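Everything quoted here is computed from the prediction, not taken from an experiment. Letters go in sequence order (proteins before strands), and every chain restarts at 1. These numbers come from the heavy atoms of this one structure, side chains and all, not from hydrogens, waters or symmetry mates.
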There are 2 protein chains.
Amino acid sequence: MKYQKIPEATIRRLSRYSRCLEEMNENGEKVVSSAQLAKKCIVNAAQVRKDLAYFGEFGIRGVGYYVKDLHNNIKKILGSDKEWRMALIGVGNLGSSLLSYKDFLKQNYKIVAAFDIDPPKVIGRVSEKLGKPVEVFHINRIKEVAKERRIEIGLITTPPSEAQGVANMLVEAEVRGILNFAPVQVTVPEGFVVKDVFFTTVLDNLAYLLSN
Amino acid sequence: MKYQKIPEATIRRLSRYSRCLEEMNENGEKVVSSAQLAKKCIVNAAQVRKDLAYFGEFGIRGVGYYVKDLHNNIKKILGSDKEWRMALIGVGNLGSSLLSYKDFLKQNYKIVAAFDIDPPKVIGRVSEKLGKPVEVFHINRIKEVAKERRIEIGLITTPPSEAQGVANMLVEAEVRGILNFAPVQVTVPEGFVVKDVFFTTVLDNLAYLLSN
DNA sequence: CAATTTATGTGAAAGGAGTCACAAAATTGA
DNA sequence: TCAATTTTGTGACTCCTTTCACATAAATTG
């Protein structure tokens, strides 16, 4: 296990493997081969092995991988063995649906605070939904609340025009990770990370493939 | 302009260029160089030129690119010069927020029908929102309605357990493009296309980067 | 109108990522 | 215990993407 730069694609696939392994584990499967896992994840078996090889030796030759064991290892690699505390900024349509997005809860991602320019209007809307409501603060309290609640990731779900401003506030509040849903490029200083989720980019991709 | 296989990454970047050009056009900018566009999109200038070169010669040496002209050309390449008719399946939290997602409307993607297992319950919720409500049908009418309304893309926003079933129905209805939000791999026959939007995969990526 | 400037388009080089193929290691069965 | 079987881990190869560097072409200036 010598150090190498790990391709981003490898990390994405690990995330996929993790999901598959979770499912297998729930189904009571104990052992899996790279070929089986690959088939399930629709990748090449050598790819699976190579991806894992970046981080160590997790399998047993002639046998395969212990499902539970491998799953734990991958979670540790991805950093998804801990709970991540997130804040959501912009409690509009998309924002409020993410507040009650089941898959976050199921995984180890937890929204522990939300922010908006008009919090009172918004609290009602959020509380309507089932499950314990997330407290919504005024946006100018980001720094204070982020510190207090030990926020590590910010979800930007504001209109595009506000995204960079919000990103700046998150940087100011030392929130190092940003998941940006606003369809506009935001920039952050060295040491911070932004990942984008742009629906329309994926749609454009789809549209391209459909018209060719 | 000789034929070549075009990298998927190129298509993704074209989508980005398109957004930037749109903004520039709104700001009244007439001409842009590959260097300027590259800077704005945070890529390499040669990359911009090479991406465009797959499809033709759109610039003028010594000058650059006419913003409006290039934007039109890119839209034509991506197939985003036409309006795409979409259906949304699964009117839950995420689904209903996408029904009123402004960025779709602003672009040329239009949701013209929605489906759910329990449509009556759901119509009320959707109509609450501003803008003209999208009609919600029972899920077993997909084939019929998709034909009638000339649906080309389906958005799957059901729980993961239902995703493959819905995908099958869409295939049956000859809806060739699928944008899958349900965090599970779905497969479709040759000739159909699925693109995934998995929030938690991106979060896993972020978590990995933050813990290393 | 020639020299200078600017910025494209593209061949060549470099850099990554994915696949193949096989030696190494573990297990099974006689 | 040893041969046969299975499946990993990985070096080598191939393929694809990005970057570099420069010839080419348009515009501008004196």
Side-chain angles (χ1 to χ4, degrees), chain A residues 1-17 20-21 24 29-71 73-74 77 201 205 208-209, chain B residues 1-17 20-21 24 29-71 73-74 77 201 205 208-209:
Chain A
M1 184 184 170
K2 49 187 180 288
Y3 181 76
Q4 275 185 272
K5 206 207 156 283
I6 286 117
E8 175 150 339
T10 290
I11 303 300
R12 267 199 300 277
R13 281 189 298 268
L14 285 180
S15 175
R16 246 205 254 184
Y17 304 156
C20 286
L21 289 165
M24 286 174 172
E29 293 168 55
K30 296 293 178 206
V31 177
V32 68
S33 71
S34 59
Q36 292 171 313
L37 186 55
K39 192 179 173 193
K40 184 143 182 170
C41 297
I42 315 174
V43 295
N44 180 294
Q47 183 79 79
V48 170
R49 299 198 295 274
K50 193 129 260 184
D51 284 337
L52 296 174
Y54 282 113
F55 302 97
E57 305 197 359
F58 304 109
I60 301 163
R61 296 177 188 216
V63 179
Y65 303 86
Y66 291 112
V67 172
K68 185 132 199 178
D69 182 49
L70 184 58
H71 188 214
N73 274 303
I74 291 181
I77 293 165
T201 298
N205 220 299
Y208 169 77
L209 293 169
Chain B
M1 185 181 173
K2 49 188 183 288
Y3 181 76
Q4 275 185 274
K5 206 206 156 287
I6 285 114
E8 175 149 339
T10 290
I11 302 301
R12 268 199 301 276
R13 282 189 299 267
L14 285 179
S15 177
R16 246 205 254 183
Y17 304 155
C20 286
L21 290 166
M24 287 174 174
E29 293 169 55
K30 297 293 176 204
V31 177
V32 68
S33 71
S34 59
Q36 292 171 312
L37 186 56
K39 194 179 171 193
K40 184 143 184 171
C41 297
I42 315 173
V43 295
N44 181 292
Q47 182 80 79
V48 171
R49 297 197 297 273
K50 195 127 254 193
D51 284 337
L52 296 174
Y54 283 113
F55 303 97
E57 304 197 359
F58 304 109
I60 302 164
R61 297 179 188 212
V63 179
Y65 303 86
Y66 291 111
V67 172
K68 185 130 198 177
D69 181 52
L70 183 58
H71 187 215
N73 274 302
I74 291 180
I77 293 164
T201 299
N205 219 299
Y208 168 77
L209 292 169

Nearest atoms (heavy-atom pairs only) where A/Leu21 meets A/Val67: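 Heavy atoms only, the tightest pair is O-CG1, 3.6 Å.
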Of the nucleotides [options], which has the atom closest to the [X] side chain?
X: B/Glu57; options: D/dC20, D/dT17, C/dT10; result: C/dT10
X: A/Ser33; options: C/dA7, D/dT7, C/dT10; result: D/dT7
X: B/Tyr65; options: D/dT17, C/dT8, C/dA26; result: C/dT8
X: A/Ser34; options: C/dG18, D/dA26, D/dT8; result: D/dT8
X: B/Ala46; options: D/dA27, C/dG9, D/dC20; result: D/dC20

Side chain to side chain, A/Glu29 and A/Gln36, heavy atoms closer than 4.5 Å: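 Of all side-chain heavy-atom pairs linking A/Gln36 with A/Glu29, none is under 4.5 Å.
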Pairwise side-chain contact, B/Asn73 with B/Tyr65, heavy-atom cut-off 4.5 Å (strictly under):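 No; the side chains remain at least 4.5 Å from each other.
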Gap separating the CZ atom of B/Arg13 from the CD1 atom of B/Ile74, nearest 0.5 angstrom: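 Output value for this atom pair is 12.0 Å.
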Under-3.5 Å donor-acceptor pair between A/Lys50 side chain and D/dG11 base: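 Such a pair is found, so the answer is yes.
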Once you round it to whole Å, what is the distance between [atom2] of [N] and [atom1] of [X]?
X: A/Arg61; N: C/dT27; atom1: CZ; atom2: P; result: 13 Å
X: A/Tyr54; N: C/dG16; atom1: OH; atom2: P; result: 11 Å
X: A/Asp51; N: C/dG16; atom1: CG; atom2: P; result: 17 Å
X: A/Phe58; N: D/dT7; atom1: CZ; atom2: C1'; result: 17 Å
X: A/Leu14; N: C/dG18; atom1: CG; atom2: P; result: 12 Å
X: A/Glu8; N: D/dT18; atom1: CD; atom2: C1'; result: 15 Å
X: B/Lys5; N: D/dT17; atom1: NZ; atom2: C1'; result: 11 Å
X: B/Arg49; N: C/dA7; atom1: CZ; atom2: C1'; result: 7 Å

Under 3.5 Å side-chain donor-acceptor pair for B/Asp51 and B/Tyr17: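 B/Tyr17 and B/Asp51 do have a side-chain donor-acceptor pair below 3.5 Å.
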Tell me whether the OP1 or OP2 atom of [N] has a side-chain N or O from [X] closer than 4.0 Å.
X: B/Tyr66; N: C/dT8; value: no
X: A/Gln47; N: C/dA17; value: no
X: B/Arg13; N: D/dT18; value: yes

Sugar-phosphate, base or nothing in reach of A/Ala45, heavy atoms under 4.0 Å: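 Nothing: the residue A/Ala45, judged by heavy atoms under 4.0 Å, touches no strand.
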